[in-house]
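Below is one structure, written out as C-alpha cells; the observations come after it.
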2 protein chains.
Amino acid sequence: MAAKPFLPVLYELARTFQAFDSFSAGHVRELGLTPSQFDIIATLGNTQGIPFKELGEKTLITKGTLTGVVDRLVEKKLVKRVACPKDGRRQYVQLTAAGEQVFAQVFPEHLAHLEQVFSGYTQQDFDNIVAVLQKLKQAFQATGTPMEEAE
Amino acid sequence: MAAKPFLPVLYELARTFQAFDSFSAGHVRELGLTPSQFDIIATLGNTQGIPFKELGEKTLITKGTLTGVVDRLVEKKLVKRVACPKDGRRQYVQLTAAGEQVFAQVFPEHLAHLEQVFSGYTQQDFDNIVAVLQKLKQAFQATGTPMEEAE
DNA sequence: TATTGTTATACTCTATAACTATA
DNA sequence: TATAGTTATAGAGTATAACAATA
C-alpha cells in the first residue's frame with residue numbers, strides 16, 4: 001500500500017477532536033447533563049425559543065431522537081414546549097426559568113473550564129489554528145459531501 | 001459576556017471534524033459498522049494487534065464499554081482476542097483475516113476520495129497541521145486528565 | 001399529499017461499580 | 001494489594017419506520 005502523507009492529518013484531527021469532546025463531556029457530565037442535553041441548552045441560550053425542527057438541524061440530532069432528548073430536559077424542567085399559534089404542527093422549544101439559570105451559570109463555567117486549555121496560547125496562535133482548520137474544512141466541503149444545504 | 005478568543009478554535013475543530021466525519025460516514029454505515037467499531041478497525045489496521053488497555057486509551061473508550069464493543073466485532077468475526085503469553089491478565093485485540101480485508105478494501109476507497117481533498121497540500125502543510133493539532137490535543141489531555149503522569 | 005412531531009423497535013454506547021483472575 | 005478485563009446495571013443516544021395531526 002502506498003504511503004499516504006495526509007493520514008497523520010486525519011488521525012490527529014480525529015484524536016484532537018475526541019480529546020476536546022471527551023474533555024468537554026467530562027465536565028458537562030459533572031453538571032448532570034449529557035452532551036446532547038448540554039448542546040441543546042447551549043443552543044437555546046440567548047434565544048426566545050427555537051422551532052423543534054430547527055433545533056434538530058442545528059444540533060444534528062434527528063427528529064425521533066430529539067423528541068426523547070427534549071423529553072428528558074422537560075422532565076428536568078429545563079426546557080418547555082410551546083405551541084406555534086400559526087401552525088398547529090409546529091412548536092418551539094424554549095428554556096424555562098430554571099433552564100435560563102443553568103445556561104447563565106453553567107455555560108460560563110464551561111467556558112472557564114475550557115479556557116484552562118488555552119492558557120499558553122496567543123491570539124496569533126488562535127488565528128493560525130483557525131486558518132489551518134478552515135482551509136481543511138473547506139477542502140472537505142468542496143470535494144463534495146452529498147449533503148443538501150438548504151441555505 | 002466576555003469575548004472568548006478560543007471559541008473559534010473549538011468551533012472550527014468541531015466543524016472540521018464533522019466535515020471529515022460526514023465525508024466518510026457513508027462507507028462506515030454501508031459496512032454495518034458503528035463509529036466506535038470503525039474507529040477500532042482503523043486503529044487496529046496495519047498493526048500486529050494492540051493490547052486491550054492501549055486500545056481503550058487510543059479510542060477513549062472505557063474498559064467496560066470496550067468489552068462490549070469488542071464483543072460485537074468478535075461476533076462479526078472482524079477481530080479476535082489473543083491472550084498475552086507473558087501476563088495472563090492481558091490480551092491483545094487483533095484483526096481477523098476478514099477484518100484485515102475490510103480494512104484493506106475499505107480504507108483505500110476512503111483514501112482515494114480523501115486524496116482529492118489534499119491535492120493542494122504539500123508535505124510541509126501536513127507537518128504543520130499535525131504539529132498544530134498535536135499541541136492542541138496534548139493541551140486537552142494535560143488539562144483534562146488528572147491521571148498519574150503516564151509519560 | 002406533504003410536513004411536523006411522536007411513538008415504537010431494536011440496538012449501541014456510556015459510566016460506574018462489583019467481580020474474577022492473574023500478578 | 002494492585003492490575004487487566006469481564007459482568008451487571010441503568011440510563012441515554014442512535015437510526016429507522018410507521019403513525020397522527022395539521023397544512
Side-chain angles (χ1 to χ4, degrees), chain A residues 18 21-41 43 49-76 78-94 147-148 150, chain B residues 18 21-22 25-26 28-41 49-76 78-94 144-145 147-148 150:
Chain A
Q18 280 186 342
D21 201 42
S22 164
F23 180 78
S24 180
H27 183 244
V28 165
R29 214 174 303 110
E30 287 173 12
L31 304 170
L33 296 173
T34 66
S36 292
Q37 290 169 9
F38 180 79
D39 196 0
I40 289 176
I41 298 287
T43 303
I50 291 182
F52 183 93
K53 187 179 183 182
E54 187 180 331
L55 185 59
E57 289 166 353
K58 283 188 188 260
T59 57
L60 299 179
I61 299 174
T62 52
K63 60 181 182 179
T65 302
L66 187 59
T67 293
V69 180
V70 169
D71 282 348
R72 282 164 219 122
L73 285 170
V74 169
E75 284 172 18
K76 291 177 178 177
L78 296 178
V79 310
K80 58 186 171 185
R81 292 176 164 92
V82 178
C84 175
K86 296 185 176 180
D87 187 336
R89 299 169 302 182
R90 309 184 73 201
Q91 62 189 12
Y92 290 83
V93 184
Q94 201 175 67
M147 302 276 293
E148 48 198 335
Chain B
Q18 283 178 353
D21 200 41
S22 91
V28 173
R29 199 180 308 169
E30 284 173 16
L31 295 169
L33 297 175
T34 67
S36 291
Q37 291 169 8
F38 183 78
D39 194 4
I40 288 176
I41 298 287
I50 291 181
F52 183 93
K53 186 178 183 182
E54 186 181 333
L55 185 59
E57 288 167 353
K58 283 188 187 259
T59 57
L60 295 181
I61 299 175
T62 53
K63 59 182 183 178
T65 302
L66 188 58
T67 293
V69 179
V70 169
D71 281 348
R72 281 163 220 121
L73 285 170
V74 169
E75 283 172 17
K76 291 177 178 178
L78 296 178
V79 310
K80 59 185 171 186
R81 291 177 165 92
V82 178
C84 175
K86 296 186 176 181
D87 187 336
R89 298 169 302 183
R90 309 183 72 201
Q91 61 188 16
Y92 290 83
V93 184
Q94 200 176 68
T145 59
M147 296 177 53
E148 50 278 80

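Qualifying salt bridge (charged side-chain N to carboxylate O under 4.0 Å, His left out) partners for R89(A), counting only residues two or more places apart in sequence or in other chains: D87(A). Take K76(A) and apply the side-chain contact (heavy atoms from CB on, under 4.5 Å) test, not counting sequence neighbours, and it matches L33(A), Q37(A), L78(A). Residues satisfying the side chain to side chain donor-acceptor pair (under 3.5 Å) test with S24(A), not counting sequence neighbours, are H110(A). When the side-chain contact (heavy atoms from CB on, under 4.5 Å) test is applied to D39(A), the partners found at least two apart in sequence or on another chain are T43(A), T59(A). Scanning for side chain to side chain donor-acceptor pair (under 3.5 Å) contacts around T62(B) gives T65(B), with sequence neighbours left out. For D21(A), the side-chain contact (heavy atoms from CB on, under 4.5 Å) criterion is met by F17(A), not counting sequence neighbours. With sequence neighbours left out, the side-chain contact (heavy atoms from CB on, under 4.5 Å) criterion links A83(B) to no other residue.
Annotation: the terminal axes of the helix from dG5(C)-dC19(D) to dA23(C)-dT1(D) meet at 0°, where each axis is the rotation carrying the C1' atoms of four end pairs onto the next four (5 pairs per end, rounded to 10°).
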Item to complete: Decide side-chain contact (heavy atoms from CB on, under 4.5 Å) for F52(A) and K63(A); before the verdict, give the C-alpha distance in whole Å, the side-chain angles of both, and the deciding distance to 0.1 Å.
Response: CA-CA 8 Å; F52(A) 183 93; K63(A) 60 181 182 179; 4.2 Å; yes

Worksheet entry | Evaluation steps, side-chain contact (heavy atoms from CB on, under 4.5 Å), between V82(B) and V93(B) | CA-CA 6 Å; V82(B) 178; V93(B) 184; over 6 Å; no

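Contact check of residues 65-74 of chain B against DNA chain D (heavy atom, cut-off under 4.0 Å) returns T67(B).
In the set dG5(C), dT14(C), dT12(C), the nucleotide with an atom closest to the side chain of I61(B) is dT14(C).
The two residues I40(A) and I61(A) have their closest heavy-atom pair at CD1-CD1, 4.4 Å.
The NZ-C1' distance, from K53(A) to dA2(C), rounds to 10 Å in whole Å. One atom, CG of D39(B), and another, P of dC13(C), lie 11 Å apart when rounded to the nearest Å. Atoms CZ (R81(A)) and C1' (dT6(C)) sit 9 Å apart, rounded to a whole Å. In this entry the distance linking OH of Y92(A) with P of dT4(C) reads 12 Å, nearest Å. Atom CD in E75(B) sits roughly 11 Å away from atom P in dC13(C) (whole-Å rounding).
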Run the side-chain donor-acceptor check on residues 68-75 of chain A: report pairs under 3.5 Å with partners two or more places apart or on a different chain.
from: D71(A); atom 1: OD1; to: R81(A); atom 2: NH1; distance (Å): 3.1
from: D71(A); atom 1: OD1; to: R81(A); atom 2: NH2; distance (Å): 2.9
from: R72(A); atom 1: NH1; to: G68(A); atom 2: O; distance (Å): 3.4

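T34(A) has no side-chain polar atom (N or O) that falls below the 4.0 Å cut-off from OP1 or OP2 of dT14(C).
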Could you list the protein-to-nucleotides 17-22 of chain C atom pairs, N/O on both sides, closer than 3.5 Å?
from: dT22(C); atom 1: O3'; to: G88(B); atom 2: N; distance (Å): 3.4

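Rounded to the nearest 0.5 angstrom, S36(A) OG and I41(A) CD1 are separated by 11.5 Å. Note: I50(B) CD1 to Q91(B) CD = 13.5 Å, rounded to the nearest 0.5 Å.
A 4.0 Å heavy-atom criterion places the boundary nucleotides of DNA chain D facing chain A at dA12(D) to dA23(D), written 5' to 3'.
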